[in-house]
Amino acid sequence: MKLTLIFCVFFWFVVLLLLVNSVQCISLFAIPQLLEKQNGLQLVSINDKSGNITNVGPVFNELAPQQTGSLDKKNGIYYTINLNQTSQLYQLIGLSLKNGLIVKNIKTPLTKSILSCGCVVNQNDGNVFIYGTQDSYTVVYNVNTNNGQYELLLKQGNISPLSVSTFDYNSNMLWILFEQKRMINKKEFKKYFFLVIDTTSGEIVIQVDDFYQMQTLAYDDKVFRMIGIGSKEDNQGNKRLVLVAIDLDTFEVEEMGLIDENFQQVNTGGALDVNNELIYSVMSNSNTNEIVAINYKSKSVMYKAKVGKTFFQSLQLYP
């Protein structure tokens, strides 16, 4: 009887231990928009349950972060493009997730522009793809983060980059959203599309039209597809946020369904927790912003927390 009881206790202890170890803690990191200072780069962490914001590192006042950022998960570095207020040059800055200090500072060939610029980490080698404007052309570079050297992948006119991008590191395909304006009968028309770039050759593999005004896009490395948040009009003519998936074999775009709460817009985000099938974003609702976790199968909001009126340049999930 005693042996049976001991065995049962030991068995359930092992089961509980396995369950605890199988739960992977996640952390959300972001770059806040420091409105009171206008400029300034700082790394913060956000508690996805309470919305509490914690400063990870100091404020670097001479740097003005741009729209997007990307996380090197292997080395624990948060990358972002910044405009140096003194030199008026764009720099690729890497911040340590441990203390928020600058561990990478690389000059880029990007020139100052009102158009978007951004960066995407290659999780295979820790290098970073950057995109933006150079002398009125849209350019994409592959930056070696060890020696600061960069290689031109794309140079094209008549298109403007937007702040939505991601990388399929299994196929080495870089996805960047672009806008193209055309005048037809004295009227301006805008077209939105993703260019899918083979980063090993620099060739454009395909152009995928965006009919949902995509505001986020992330690589689902569990199912091998892209998932993001866009918008559309519902049956009553109201603008609603919608989950969208893109098949990486056929490049077909699938509408997964409307998000079940009526948020007005996505502030930033789109980070995926593929193990729990969650997509994290900061969304605007009335006069406040909320950190929101949405199950992308059920389209249901699993939990949300207010983060006040703080806006963020980027939101990244670790690990």
Side-chain angles (χ1 to χ4, degrees), residues 31 33 38-41 60-70 79-95 102 104-122 125-167 172-184 188-210 213-215 217 268 313-314:
I31 302 293
Q33 185 175 341
Q38 297 302 315
N39 297 310
L41 171 67
F60 300 97
N61 292 304
E62 73 279 9
L63 298 172
Q66 303 305 295
Q67 291 91 339
T68 65
S70 190
Y79 283 98
T80 177
I81 299 288
N82 291 264
L83 180 67
N84 187 300
Q85 297 299 298
T86 303
S87 67
Q88 291 295 294
L89 297 175
Y90 284 119
Q91 298 169 222
L92 177 64
I93 301 294
L95 301 174
I102 295 176
K104 298 287 183 178
N105 188 343
I106 302 171
K107 293 180 180 178
T108 79
L110 303 180
T111 51
K112 189 176 180 180
S113 171
I114 60 172
L115 302 176
S116 298
C117 61
C119 61
V120 185
V121 171
N122 182 342
D125 57 17
N127 289 338
V128 179
F129 304 107
I130 63 171
Y131 60 90
T133 303
Q134 184 181 18
D135 301 326
S136 76
Y137 286 94
T138 289
V139 292
V140 180
Y141 282 94
N142 181 18
V143 180
N144 186 314
T145 54
N146 290 320
N147 59 26
Q149 299 297 308
Y150 39 83
E151 172 192 8
L152 181 66
L153 294 179
L154 178 72
K155 183 178 182 180
Q156 207 164 324
N158 199 33
I159 58 173
S160 303
L162 301 175
S163 55
V164 179
S165 55
T166 191
F167 184 61
N172 292 306
M173 297 295 174
L174 177 64
W175 290 62
I176 303 175
L177 182 62
F178 291 93
E179 175 190 74
Q180 187 174 49
K181 298 178 181 178
R182 290 184 178 180
M183 296 298 294
I184 301 176
E188 183 180 75
F189 292 86
K190 295 179 181 180
K191 181 179 181 180
Y192 300 95
F193 55 87
F194 287 97
L195 287 184
V196 182
I197 305 166
D198 184 340
T199 59
T200 60
S201 66
E203 295 182 357
I204 297 174
V205 176
I206 193 172
Q207 175 180 309
V208 179
D209 290 336
D210 171 21
Q213 296 181 321
M214 297 297 292
Q215 298 170 51
L217 192 73
T268 189
Q313 305 285 34
S314 178

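Residue indices begin at 1 and follow the sequence shown.
- Side-chain contact between Ile176 and Leu195 is absent, with no heavy atoms from C-beta onward closer than 4.5 Å.
- Taking 4.5 Å as the limit, some side-chain heavy atom of Cys119 sits within range of a side-chain heavy atom of Ile130.
- Here Tyr79 pairs with nothing under the ring pair (Phe, Tyr, Trp, His ring centres under 6.0 Å) rule; sequence neighbours left out.
- Legend: residues meeting side chain to side chain donor-acceptor pair (under 3.5 Å) with Ser160, ordered by chain and number and at least two apart, are absent.
- With contacts defined as side-chain heavy-atom distances shorter than 4.5 Å, the pair Phe193/Asp210 does not qualify.
- The side-chain contact (heavy atoms from CB on, under 4.5 Å) check on Thr166 picks up Trp175, Leu217, Tyr219, Met226, with sequence neighbours excluded.
- Inter-residue side-chain proximity for Ile197 and Phe129 is flagged as unmet; no heavy-atom pair is nearer than 4.5 Å.
- Between Leu95 and Ile31 there is a side-chain heavy-atom pair separated by less than 4.5 Å.
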Could you pull out every donor-acceptor pair under 3.5 Å between side chains of residues 137-149 and any protein atom, sequence neighbours left out?
from: Thr138; atom 1: OG1; to: Ile159; atom 2: O; distance (Å): 2.6
from: Tyr141; atom 1: OH; to: Gln134; atom 2: OE1; distance (Å): 2.6
from: Asn144; atom 1: OD1; to: Asn146; atom 2: N; distance (Å): 2.8
from: Asn144; atom 1: OD1; to: Asn147; atom 2: N; distance (Å): 3.3
from: Thr145; atom 1: OG1; to: Gly126; atom 2: O; distance (Å): 3.1
from: Asn147; atom 1: OD1; to: Gln149; atom 2: N; distance (Å): 2.9

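- Partner of Ser70 under the side chain to side chain contact (heavy atoms under 4.5 Å, CB included) criterion, out of Val121, Asn122, Val128: Val121 alone.
- Side-chain atoms of Ile102 and Leu63, non-hydrogen and from C-beta on, do get closer than 4.5 Å to each other.
- For Ser163 (side chain) and Ser116 (main-chain N/O), no donor-acceptor pair under 3.5 Å exists by modelled atom type.
- For the pair Gln313 (side chain) and Pro65 (backbone), a donor-acceptor distance under 3.5 Å is present.
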Would you tabulate the side-chain donor-acceptor contacts of residues 80-90 under 3.5 Å, counting partners in other chains and residues two or more places apart, or write 'none'?
from: Asn82; atom 1: ND2; to: Thr80; atom 2: O; distance (Å): 3.1
from: Asn84; atom 1: OD1; to: Thr86; atom 2: N; distance (Å): 2.8
from: Asn84; atom 1: OD1; to: Ser87; atom 2: N; distance (Å): 3.1
from: Asn84; atom 1: ND2; to: Gln91; atom 2: OE1; distance (Å): 2.6
from: Gln85; atom 1: OE1; to: Asn39; atom 2: ND2; distance (Å): 3.3
from: Gln85; atom 1: NE2; to: Leu83; atom 2: O; distance (Å): 3.4
from: Ser87; atom 1: OG; to: Leu89; atom 2: N; distance (Å): 3.3
from: Gln88; atom 1: OE1; to: Lys112; atom 2: NZ; distance (Å): 2.6
from: Gln88; atom 1: NE2; to: Gln85; atom 2: O; distance (Å): 3.1

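- Under the side chain to side chain donor-acceptor pair (under 3.5 Å) criterion, Glu151 pairs with no residue, sequence neighbours left out.
- In this structure the side chain of Gln156 never reaches within 4.5 angstrom of the side chain of Phe178, judged on heavy atoms.
- Listed by chain and number, the residues in a side chain to side chain donor-acceptor pair (under 3.5 Å) with Asn158 amount to none (sequence neighbours excluded).
- With sequence neighbours left out, the side-chain contact (heavy atoms from CB on, under 4.5 Å) criterion links Gln213 to Ser231, Lys239.
- In this structure, Leu115 CG and Glu179 CD are separated by 8.5 Å, a value rounded to the nearest 0.5 Å.
- Scanning for side-chain contact (heavy atoms from CB on, under 4.5 Å) contacts around Lys107 gives an empty result, with sequence neighbours left out.
- With rounding to the nearest 0.5 angstrom, the CD1 atom of Ile106 is 10.5 Å from the OH atom of Tyr150.
- Residues Cys117 and Gly132 share a closest heavy-atom pair of CB-CA, 3.9 Å.
- Annotation: side chain of Asn172 is in contact with side chain of Phe167 (closest heavy-atom distance under 4.5 Å).
- In this structure Ser165 satisfies the side chain to side chain donor-acceptor pair (under 3.5 Å) test together with Tyr131, sequence neighbours excluded.
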